[in-house]
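A quick write-up on the structure given underneath.
Just so it is clear, the model here is predicted, and its values are computed rather than measured. Atoms considered below: every heavy atom in the structure, side chains included; atoms not considered: hydrogens, waters and symmetry mates.
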Amino acid sequence: MHAVEYKTKEQKKKFYRSKEWEAVRQQALKRDNYECQHCKHEGGVTVDSIKTPGQRKEIVLNVDHKYSIEFYPQLALVLDNLETLCVNHHNIKEGRTFDKIRPTKKKKWDDERW
């Protein structure tokens with residue numbers, strides 16, 4: 001018997017487009033009341049966006065694997081291995097954060113007088 005692997009981008013893409021993933025993903029969202037579990041733990045609330053007809057739905061929540069499918073493929077469809085996270089907390093967990101500090105623009109001249 002050959003074990004399923006999720007090492008390549010193509011393998012992961014195929015998995016995340018599968019009916020099995022979508023079914024367990026919906027179960028996780030429902031179980032977590034469509035709320036980010038990290039925000040909830042911190043005393044805040046981040047809920048899913050509402051679909052506006054004719055427009056693309058804004059992605060607010062992700063269902064994340066606590067243990068990566070790349071290294072733990074046997075847990076890919078295990079509900080207890082999933083948690084709902086807002087995009088911000090998911091990016092922090094995955095190390096995809098960016099400094100929000102923008103370089104300050106220099107004035108053309110300084111109006112300050114001494």
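When the side chains of ILVMFWY residues are joined at heavy-atom separations under 4.5 Å, either directly or via intervening members, Val4 and Phe71 end up in two distinct hydrophobic clusters. Linking ILVMFWY side-chain heavy atoms closer than 4.5 Å, directly or via other members, places Val60 and Tyr34 in a single hydrophobic cluster. Tyr6 is connected to Val63 through a chain of hydrophobic side-chain contacts under 4.5 Å among Ile, Leu, Val, Met, Phe, Trp and Tyr, so both are in one cluster.
Distance alone, capped at 3.5 Å, places no donor-acceptor pair between the Gln26 side chain and the Ala23 backbone. Under the 3.5 Å distance criterion, the side-chain polar atoms of Asn62 are left unmatched by any main-chain donor or acceptor of Val87. Of the possible polar contacts, one joining the Asp32 side chain to the Thr84 backbone as a donor-acceptor pair under 3.5 Å is found. With Arg31 contributing its side chain and Leu79 its backbone, the two residues share a donor-acceptor pair below 3.5 Å. A donor-acceptor pair under 3.5 Å is absent between the side-chain atoms of Lys66 and the main chain of Glu83, judged by distance alone. A distance-only check finds a donor-acceptor pair linking the side chain of Ser18 to the backbone of Trp21 [under 3.5 Å].
Using a cutoff of 4.0 Å between basic side-chain nitrogens and carboxylate oxygens, Arg17 and Glu22 are not scored as salt-bridged. Under the 4.0 Å criterion applied to side-chain N and carboxylate O atoms, Lys13 and Glu10 are not assigned as salt-bridge partners.
The minimum heavy-atom distance between Cys86 and Cys39, with the atom names listed, is SG-SG, 3.9 Å. Here the closest non-hydrogen pair linking Leu82 and Val24 is CD1-CG2, 3.8 Å. Heavy-atom minimum distance, Leu61 versus Arg25: O-NH2, 4.3 Å.
One finds the CZ atom of Arg96 at 4.5 Å from the CG atom of Asn91 (value rounded to the nearest 0.5 Å). If you take CD on Glu58 and CG on Asp48, they are separated by 9.5 Å, rounding to the nearest 0.5 Å.
With Lys40 as reference, Gln37 is the one residue of His38, Glu42, Gln37 to meet the side chain to side chain contact (heavy atoms under 4.5 Å, CB included) rule. Considering Lys12, Glu70, Gln11 in turn, Gln11 is the only one that fulfils the side chain to side chain contact (heavy atoms under 4.5 Å, CB included) rule with Glu5.
Within 6.0 Å of NZ in Lys14 there are 12 or fewer heavy atoms belonging to other residues, nucleotides or ligands.
Between Tyr72 and Tyr67, the angle of the ring planes goes over 60°, which puts this pair in the perpendicular group of the 30/60° scheme.
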- Message: Apply side-chain contact (heavy atoms from CB on, under 4.5 Å) to residues Thr46 and Glu35 and explain how you reach the verdict.
- Response: CA-CA 6 Å; Thr46 300; Glu35 297 174 329; over 6 Å; no
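Every residue two or more places apart in sequence or in another chain that forms a side chain to side chain donor-acceptor pair (under 3.5 Å) with Tyr16 is listed here: His65.
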